[in-house]
**Student:** 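I have a structure here, written as structure tokens, and I will follow up with some questions on it.
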4 protein chains.
Amino acid sequence: MEVGFVGLGRMGSNMVRRLLAGGHRVVVYDVRKEAMEEVAREGAIPSQGWEDVTQKLCPRRVVWVMVPAGDPTESALRELSQYLEERDIVIDGGNSYFEDTQRRAQELAARGIVLLDVGTSGGIWGREAGYCLMAGGPKEAFDYVEPLLQTLAPGLPAAPRTPGRTGAPASEELGYLWCGPSGTGHFVKMVHNGIEYGLMQAYAEGFDLLSQGHRALGDLCPQLPLARIAELWRRGSVIRSWLLDLVAMALHEDALLSRYTGIVEDSGEGRWTLSVALRLAVPMEAISSSLFRRFRSRQDHPFSEKMLSAMRQKFGGHIERPTGG
Amino acid sequence: MEVGFVGLGRMGSNMVRRLLAGGHRVVVYDVRKEAMEEVAREGAIPSQGWEDVTQKLCPRRVVWVMVPAGDPTESALRELSQYLEERDIVIDGGNSYFEDTQRRAQELAARGIVLLDVGTSGGIWGREAGYCLMAGGPKEAFDYVEPLLQTLAPGLPAAPRTPGRTGAPASEELGYLWCGPSGTGHFVKMVHNGIEYGLMQAYAEGFDLLSQGHRALGDLCPQLPLARIAELWRRGSVIRSWLLDLVAMALHEDALLSRYTGIVEDSGEGRWTLSVALRLAVPMEAISSSLFRRFRSRQDHPFSEKMLSAMRQKFGGHIERPTGG
Amino acid sequence: MEVGFVGLGRMGSNMVRRLLAGGHRVVVYDVRKEAMEEVAREGAIPSQGWEDVTQKLCPRRVVWVMVPAGDPTESALRELSQYLEERDIVIDGGNSYFEDTQRRAQELAARGIVLLDVGTSGGIWGREAGYCLMAGGPKEAFDYVEPLLQTLAPGLPAAPRTPGRTGAPASEELGYLWCGPSGTGHFVKMVHNGIEYGLMQAYAEGFDLLSQGHRALGDLCPQLPLARIAELWRRGSVIRSWLLDLVAMALHEDALLSRYTGIVEDSGEGRWTLSVALRLAVPMEAISSSLFRRFRSRQDHPFSEKMLSAMRQKFGGHIERPTGG
Amino acid sequence: MEVGFVGLGRMGSNMVRRLLAGGHRVVVYDVRKEAMEEVAREGAIPSQGWEDVTQKLCPRRVVWVMVPAGDPTESALRELSQYLEERDIVIDGGNSYFEDTQRRAQELAARGIVLLDVGTSGGIWGREAGYCLMAGGPKEAFDYVEPLLQTLAPGLPAAPRTPGRTGAPASEELGYLWCGPSGTGHFVKMVHNGIEYGLMQAYAEGFDLLSQGHRALGDLCPQLPLARIAELWRRGSVIRSWLLDLVAMALHEDALLSRYTGIVEDSGEGRWTLSVALRLAVPMEAISSSLFRRFRSRQDHPFSEKMLSAMRQKFGGHIERPTGG
């Protein structure tokens, strides 16, 4: 089928390529001309702007928006909606906060335009491996765009079938799913990212201990072979996972990870996950720890730690060591 | 080659089967006769006891011990060592604490017997999928028993090759690895299990939030389809893993998990991981949270929570609600 | 001076009594007639309703509102503001969220009415001991109501003077402080309550361990004398505090705390504290743990724990114990 | 009465002074001559060594040992015990691990010597305010040394009496307590310190948020007056405590705590508290967080954080920011 595609960043460009490879007609728009030219060379149809991208599509139009959450998404939807007609479908494939999505869906619905939220996971690997797609919004619109989702998703062979699942595969077995009404796609993606934070922290803590393990194992023990252990665990262990595959890659390149400093960003979904958990009174000790460690990693010494030192000095006369270690 | 195998529990029996299927001669011993009979029907050679199992093997003997950590392992090694000769090899495949292993290795070495520690992961799936084997002890003995490890391990095809790894596969790519001197195998397995706790907790927290998600998504939103979401995430998502495969299975059987009460045991490795982290001053917020939640799950209300209520009553006159909710 | 006082709950009534004892004229209003009658017997002037309470005061009126945060505060301010005149002052002494306060202050300011936010701590003990008052809003209005704050606050003798503080005591040494513009009073109170959660959890965890201590100390050791230990720590220890005074009281009454079940509410400020911490990227591991434990205490077994059991069953065939212990 | 006192560090010297002021005869020993000379000027009797300190005392001798836990305590007890006679009493006033104490008590008991463990809290303030004393060991020996404890302890007026406690004050109301058999004194002190970690962390996190509060409060809000807020909370608030008194002092001296870097030591008791909690399966989320933050504060970026960055780079192509902020 045909689709407009707005936002040709690292992820968007690869999605366009996968759509083209799947035989779809893709009209693209991005302020950066060179980004359009690059995918145009692979078959995408470049456009001149918001109006042009819509005019190059036949009704019932479908436009996939793949821009950063917040203001960029807000303004992209505003621009686009000027040129869309009733029943046209906009897909927000970014990491919008689900309540923003719910509001935007209502605003667009008032003008007859349908917003689908399709949380998209897969990172820079998705072009080859396919994307995991978590959709929310009117079911009818989801059905309409299903051919696109099918192309983008990894497909059945990407994982062994779950025992008990037989016959024609359900859509979730192909890698895309209608999760419910507006906002549910982004909600499910948000929780996905919260889990991701927790998983990453668990590996990080474990390898931190391994990297110090020789100190517990005794004088005869050399530093443990981290890269080989990561590789080992990929086969047969309980903790094998795609993240571990990446860990094995990174450690194989450089077992000391010396090109990384350890300043760790967070892109917002972790905070949202926790905010919702606070609202619903769901305890989230591990995921919150993961987020707090990232906050901590971005500072030198927070005020809290100076205060700990100050208290120790005041009650016990303890003098701070000049350096850590 | 030939091997003695002591301990035919859930895991041991399956390992024997995999060894038999690999063409090895396996002499087994377990106090439970019926457990021996079962694997005898598949080709294992039953024995009458500690002495007999050793006598049915030719020197240089190899005996794999697969019994619970602590006293059972301690006494199995003591019994066995009476009947072993110099250069014979005992493999402790259980979850012993690495410092116990180091002590035992020294004690056995004094009598010329070699102890290898081989942390074994894979659970009840290992028979088919193979076991992930983390070995410690004299490298020469590891080399000697390598044919057994090769049979038990999953082998190269169990995971895609890590980019940059070419040529003849390293042993870790087959699923077994010599990690270092005595104790390192069990140390690496211990950390593996610590990571496992953290991963499990991350998924658990995320699905807990999903199970409540409709309350945040609004009146129109039904309960989210947890089983389908778990299945979905198996393909293309950042959080795909073997544990997620199991989650998808469990939720597909019963999306409410109503056969489980939520009383969660811990088998010791998590506590050891943290003990070592305390000793080495390695921060482990997520893994510790995971363990504490298990502790908490096994009690009704700990004293700590009564104390919180008591303080609230004392400073604010707050009366406890009769029931939670 | 004179003051209107709306909201005669547990805390409000005691504050009125302290104001009366300080020689102020207090006009009170509460929907519950009997609450008004009670303080009227001690000198307060009862009123008939929102209009009446304002009419019984001379301009420049001051009305202290002490009702639950959220809707009750919102509607109390709306009602009152109908009958107030320019320059009149409303004090919100409750636990409103600071952003609500900022919005309300703007709305009232548009009509010339001044809102002061005065976070009030002290619980049911404040009548005797005085209240700790954290104020925000126009400094000029704070100065105007200072006689009320001075009466309500504990005064200089409530704590030994901090070394280096000499001469006429600053207002914070008397127990009240202008913290800054609108919202800062409630913000500071919010953080106060966040800290309170953390402190309570630290004591709770420690006493939990003490209550189990005999298990670590050996067969000859009886249960440790918790009530006596709490009392002991009140004198000379580093952890002496007012909360510990309350713990000692509660344990002296009943060392097993058997009248408490351990279902622990949270009144919102802890969640707000964490929400702001998330926004500002401030790590808050201990305070978040405290809150999550309260969430946990209000449920039987959360879904997360069933999921942990399910995973354990799936990978290891582990069967749940029928009961905890 | 008379007492030997070994170890004239910051804490020991002050304890000697308090004992002298209480009219006791104190024979002191420390390798540092100048430390002995200093307290000798205030009435203590210096000695030449282990033997001399015991010879300057009449049987039934009492010697208080106040040296660092671990090797120094071990060797001090070994040295002393050579010159002690049956029924003599050694008091370990340091922070020994309770299991070491239990072992040492047994060893000394075999030779008729009594070991009392007396956990001592109070820091550098104890000389004036008195020490909180948590004792374990034979009750008869505790009774024998009670005059010393009474002098060292703060006494009844140090805190208001707990409601319901009337008549002659119990020893815990004076600030010292026999907690139970050998090891209980050190056990109770260990838990005391664990709680201390948690309390400190709660204040630290709260003030960290306050220090950033203006960013949440809006453009018009200046930095919050931390020193004044700490002072304010000392009177009437729920979170008033001795630690808060110290915080107010430190912030009054320098509201930015700029003389502290935030590298925070831990002296061992926190780790022991957690080790025991792990053994007894007591959940300790807040106290463990406190300890982990200290570990974290002593490193630049732990390996765990580099690994988080590496994973982010691998799945999403995320490049680390060159600097934090």
Side-chain angles (χ1 to χ4, degrees), chain A residues 121-122 129-132 154 158-159 162-164 172-173 175 177 180-181 183-184 187-188 191-192 194-196 198-199 201-203 205-206 208-210 212-213 215-217 220-221 228-229 231-232 234-242 248-249 252 276-277 280 282 284-287 289-290, chain B residues 121-122 129-132 154 158-159 162-164 172-173 175 177 180-181 183-184 187-188 191-192 194-196 198-199 201-203 205-206 208-210 212-213 215-217 220-221 228-229 231-232 234-242 248-249 252 276-277 280 282 284-287 289-290:
Chain A
S121 183
Y131 299 91
C132 181
T162 293
E172 64 266 27
E173 295 185 87
L177 178 67
T184 49
F187 186 89
V188 171
V191 178
H192 167 279
I195 293 172
E196 177 190 301
L199 301 180
Q201 180 69 18
Y203 286 115
E205 290 177 9
D208 202 356
L209 188 59
L210 280 186
Q212 306 286 328
R215 291 171 44 213
L217 281 156
L220 294 172
C221 189
R228 305 187 73 180
I229 292 170
E231 185 63 43
L232 172 69
R234 296 180 65 221
R235 290 177 182 81
S237 91
V238 172
I239 63 174
R240 60 194 191 257
S241 72
W242 189 61
M249 265 180 228
H252 183 66
V276 179
L280 301 183
V282 171
M284 281 216 160
E285 302 91 342
I287 293 177
S289 306
S290 316
Chain B
S121 183
Y131 299 91
C132 181
T162 293
E172 65 266 27
E173 293 186 271
L177 177 67
T184 49
F187 187 90
V188 171
V191 178
H192 166 281
I195 294 173
E196 177 190 303
L199 301 180
Q201 181 68 17
Y203 286 115
E205 289 177 9
D208 201 355
L209 187 59
L210 279 186
Q212 306 285 328
R215 290 169 48 213
L217 282 156
L220 294 171
C221 188
R228 304 187 74 182
I229 291 170
E231 185 63 43
L232 172 69
R234 297 180 64 221
R235 289 176 183 83
S237 91
V238 172
I239 63 174
R240 60 195 191 258
S241 72
W242 188 61
M249 269 180 224
H252 183 65
V276 179
L280 301 183
V282 172
M284 281 217 157
E285 302 91 341
I287 292 177
S289 304
S290 315

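In this text, all values refer to a predicted model and were calculated from it rather than measured experimentally. Below, read A as the first sequence line, B as the second, and so on, with proteins coming before strands; counting in each chain starts at 1.
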**Student:** Which one of A:Ser289, A:Ala286, A:Cys221 has the most heavy-atom pairs closer than 4.5 Å to chain B?
**Tutor:**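 Most heavy-atom pairs under 4.5 Å with chain B: A:Ala286.
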**Student:** Do you know which of A:Gly130, A:Gly198, A:Ala216, A:Ala129 has the most heavy-atom pairs under 4.5 Å to chain B?
**Tutor:**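 Of the options given, most contacts go to A:Ala216.
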**Student:** Which heavy-atom pair separates A:Cys132 from B:Ser237 by the least distance, and what is that distance?
**Tutor:**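 Reported closest heavy-atom pair: CB-N, 3.5 Å.
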**Student:** Nearest 0.5 Å, what's the CG-CD1 distance between B:Leu210 and A:Ile195?
**Tutor:**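 Answer rounded to 0.5 Å: 6.0 Å.
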**Student:** For the CG atom of A:Leu177 and the CZ atom of B:Arg228, what is their distance to the nearest 0.5 Å?
**Tutor:**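 So the CG of A:Leu177 and the CZ of B:Arg228 are separated by 5.0 Å.
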**Student:** How many angstroms lie between atom CD of A:Glu172 and atom CD of B:Glu231, to the nearest 0.5 angstrom?
**Tutor:**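 Here the rounded value is 6.0 Å.
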**Student:** Would you confirm whether B:Arg235, through its side chain, and A:Glu173, through its main-chain N or O, come within 3.5 Å as a donor-acceptor pair?
**Tutor:**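 It does hold such a pair.
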**Student:** Please classify the contact of B:His192 with chain A as side chain, backbone, both or neither, using a heavy-atom distance under 4.5 Å.
**Tutor:**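 It is both, since atoms from each part get that close.
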**Student:** As an exercise: rank B:Gly213, B:Gly183, B:Ala159 by heavy-atom pairs under 4.5 Å with chain A and give me the winner.
**Tutor:**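 Option with the top pair count is B:Ala159.
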**Student:** Out of B:Gln201, B:Gln212, B:Arg234, return the one with the most heavy atom pairs under 4.5 angstrom to chain A.
**Tutor:**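 Ranked by contacts with chain A, first place is B:Arg234.
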**Student:** Can you tell me which of B:Val191, B:Thr184, B:Ile239 forms the most heavy-atom pairs within a distance under 4.5 Å of chain A?
**Tutor:**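 Of the options given, most contacts go to B:Ile239.
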**Student:** Any chance you could measure A:His252, atom NE2, to B:Thr162, atom OG1, to the nearest 0.5 Å?
**Tutor:**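 Answer rounded to 0.5 Å: 7.5 Å.
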**Student:** Rounded to the nearest 0.5 Å, what separates atom OG in B:Ser290 from atom CD in A:Glu205?
**Tutor:**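 Going from OG on B:Ser290 over to CD on A:Glu205, the span is 8.0 Å.
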**Student:** Specify which of A:Ser241, A:Gly164, A:Ala202, A:Gly175 makes the most heavy-atom pairs with chain B at under 4.5 Å.
**Tutor:**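 Most pairs with chain B among the choices: A:Ala202.
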**Student:** With a 4.5 Å cut-off on heavy-atom pairs, point out which of A:Asp208, A:Val276, A:Ile229, A:Val188 contacts chain B the most.
**Tutor:**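 With the most close heavy-atom pairs to chain B, the winner is A:Val188.
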**Student:** Please flag which part of B:Pro163 lies under 4.5 Å from any non-hydrogen atom of chain A: side chain, backbone, both or neither.
**Tutor:**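 Contact with chain A: backbone and side chain both.
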